[in-house]
Amino acid sequence: MAEQEIAVKDLSEADARVELERLATLLAEANTAYHTDDAPELSDADYDLLKRRNAEIEARFPTLKRADSPSDQVGAPVADGFTKVRHEVRMMSLSNAFEDADITSFDQSIRRYLGLSDTDPLAYTAEPKIDGLSLSLRYEQGKLVQAATRGDGAMGENVTANARTINDIPETLTGAPDILEVRGEVYMSHADFADLNARQQSRGAKTFANPRNAAAGSLRQLDANITKDRPLRFFAYSWGALSAPLADTQTGAIARLQELGFQTNPLTQRCDGPDDMIAHYKNIEGQRATLGYDIDGVVYKVDDLGYQSRLGFRSTTPRWAIAHKFPAELAWTRLESIDIQVGRTGALSPVARLTPVTVGGVVVSNATLHNEDYIAGRDANGVPIRGGKDIRVGDWVQVYRAGDVIPKVADVDLDKRPDDAQPYEFSKLCPECGSEAIREEGDAVRRCSGGLICPAQAVEKLKHFVSRAAFDIEGLGAKQVEQFYTDGWITEPADIFTLRDRYGSGLQQLKNREGWGEKSAQNLFDAIDEKRAIPLGRLIFSLGIRHVGEVVANLLARSYGTWVAFQDAIDAAQDTDGDAWAGLIGIDGIGTVVAKSLVNSFAQEAERASINRLVAHLEVQEAERPRTEGSPVAGKTVVFTGTLERMSRAEAKARAESLGAKVSGSVSAKTDLLVAGPGAGSKETKARDLGVQIIDEDGWFDLIEGA
Ligand code: IVH
């Protein structure tokens, strides 16, 4: 846990990778609980915090972004029981903003993308973000033919029969395009929610935690007769497939939907720019309590539909819209004690144990205190924070949840400080193994120097070793590793591969342990055997060396090819004047911090012996070469130069990248293609000299047409 509480800006690359994995798992579980089971395990605010932290880490370490990144996923796969529907046009999610400044930057980035100046007019719509569940209604020749939930964005659940029971959803439309998919939110009003729960209770049936769950649980009934008895409502705010445009603007399109007979939100308003949008946000926030239904923010959309289509989409969110969420909550409580947790790389992280308090609908009893400076009331440069107030056990503290997964202790009320409260003294020894805990210059964190003799580090290293991007051994997760470590069966990674020899003939022994039967024990041994052959990149990553995340590990694997070559190179790189060192830091993406960390780990005797013991059990496979996709520019390096008339630079770059190209700012021998507009100068000359293919903007559009 300890390392997961580090602020994003303080995360090392290796920690970031582990954290991204943890967030991917947590968010996937939360998605299933929320979308598939209608039984959320996290509050919406917590979910947003997790997602935001994930996005922040990805923004800091773009190369670490996972193939299954939560940023690229919308909702959760469909539940069993409903037939599946593929959305002709994907159902998107919205990116979030939390502060007024985010709205100004949203406007700025849109202007940049569209090539508009600060004074060019650019209008938006602002409307409440309804806290319900989205639904796509397909009309053909004016008749409702299908209703589908969002599902994972690409494929949803067919809930047509249920949707037909909702009063706000017209069965037929007059004057609509032949094909029209109307999208909006199904929700339940506060009054209807209270009535429903009262009815449920009197019948001894399940009650719902909030109106959103009630709406989701009611819509997703296999028996539409149940849905019919539930008072659901629907606001239309968007559309999917269309055979003819609804209007030229968002405002016009919403007016058209209203004319066709849909309910649209009366608080939807056209705004001239950020000031106007923020004013309307405040207006809506002020009315929140009296609206009679739940909203969790305000959605802004670019009004001009021509601009919307030029702006297009990122993987799961439109560039032309953003959700401005209402702020997270604060609460005050007592700091009962401070615990120190030790992470995989030995980092000592202070954790506040609190008298439980509800913050934003969730009971909080732990919060991060970051590091010793934070407790003492100063930042890493010695500059006072919180007006220099330190934090003491017994203090009355403010707990805050926003922008980070783990709640933070934000402030202290000195008036309520007990007379006998003492300044907190941060331990200079590791609480787990008693080794000296050292704080190196420039490091905000104190670290245990015990290495593998420290049980906390050893366990965290083992957990990392078996994690999904590392050895990923089926049946051997964090929980099992911890148990094996406690019992002394596994103390280092190599022990995993001798488990069968040591205890397997005694399958009996494992079988008799809690949670293990004959089958699961046998499966575990088989799963371990399966991983004796391991790709080099995975092996390097699994060693848990500081700063060596998945991406770095794969770079190393691709550069050195085999374990022997890699190991020899790192050994030789101890001489920082030699070729091996130069070769190591010469790899694109490997800096001196990573290189030093690798060399140091390999030079540590105990650590090296442990690695050697492990490798003796393995057959290490060479790294795979990356594959390219089927777009005309996939894998190519493209440079744009000169004046582009049909798109802005940002737009050109985004389009090229979405087609798998790498966009560079300068021409070199590695450049595959130069797109030159009028006024192109030295880059075009250079490209010509190098024999790089040169095309103009129209040529570019011809090339990528249909891609
Ligand atoms: S527009 C392509 N407008 O929020 C844009 N969404 O967090 C599609 N939502 O999936 C969404 N109120 O379920 C839009 N006024 C509103 C909304 C709204 C609620 C939901 C919707 C969406 C989710 C994204």
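What you are looking at is a predicted structure, and each value in this text was computed from that prediction instead of being measured. Order of listing sets the numbers, starting from 1, for every ligand and every atom in it.
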Starting from atom 24 (C) of ligand 1, which protein heavy atom do you reach first, and at what distance in Å?
L94 N, 3.6 Å
Can you find a heavy atom in the side chain of L246 that is under 4.5 Å from one in the side chain of P177?
yes
With R17 as the cation and F61 as the aromatic partner, state whether NZ or CZ is under 6.0 Å from the six-membered ring centre and within 45° of the axis.
no
Before you tell me yes or no, could you show the steps for Y293 and H190 under side-chain hydrogen bond (donor to acceptor under 3.5 Å, both in side chains), namely the whole-Å CA-CA distance, both residues' side-chain angles and the distance that decides it to 0.1 Å?
CA-CA 5 Å; Y293 51 88; H190 290 159; over 6 Å; no
For A321, state whether at least one heavy atom is located under 4.0 Å from any atom of ligand 1.
no
Any non-hydrogen side-chain atom of F701 less than 4.5 Å from a side-chain atom of V675?
no
How far is atom 8 (C) of ligand 1 from the closest protein heavy atom, and which atom is that?
M92 O, 4.2 Å
Between the candidates M91, K129, Q250, K51, which shows the shortest non-hydrogen contact distance to atom 23 (C) of ligand 1?
K129
Look at atom CG of D702 and say whether more than 12 heavy atoms of other residues, nucleotides or ligands are closer to it than 6.0 Å.
yes
Side-chain donor/acceptor of D276 to backbone N/O of C271, under 3.5 Å:
no
R150 heavy atoms, cut-off 4.0 Å: which ligand 1 atoms fall inside?
10 (O), 22 (C)
Does some side-chain heavy atom of N158 sit less than 4.5 Å from a side-chain heavy atom of K84?
no
Do M155 and V85 have side chains that get closer than 4.5 Å, going by heavy atoms?
no
Tell me: protein heavy atom nearest atom 19 (C) of ligand 1, and distance?
I130 O, 3.1 Å
Identify the closest protein heavy atom to atom 3 (N) of ligand 1: which residue and atom is it, and at what distance?
K301 NZ, 3.1 Å
Strictly under 4.0 Å, does any heavy atom of P128 approach an atom of ligand 1?
yes
Return the closest protein heavy atom for atom 15 (N) of ligand 1 as residue, atom name and distance.
E127 OE2, 2.7 Å
closest protein heavy atom to atom 17 (C) of ligand 1 is Y237 CE2, 3.4 Å
Can you tell me which residue and heavy atom of the protein come closest to atom 13 (O) of ligand 1, and the distance to 0.1 Å?
E185 OE1, 2.8 Å
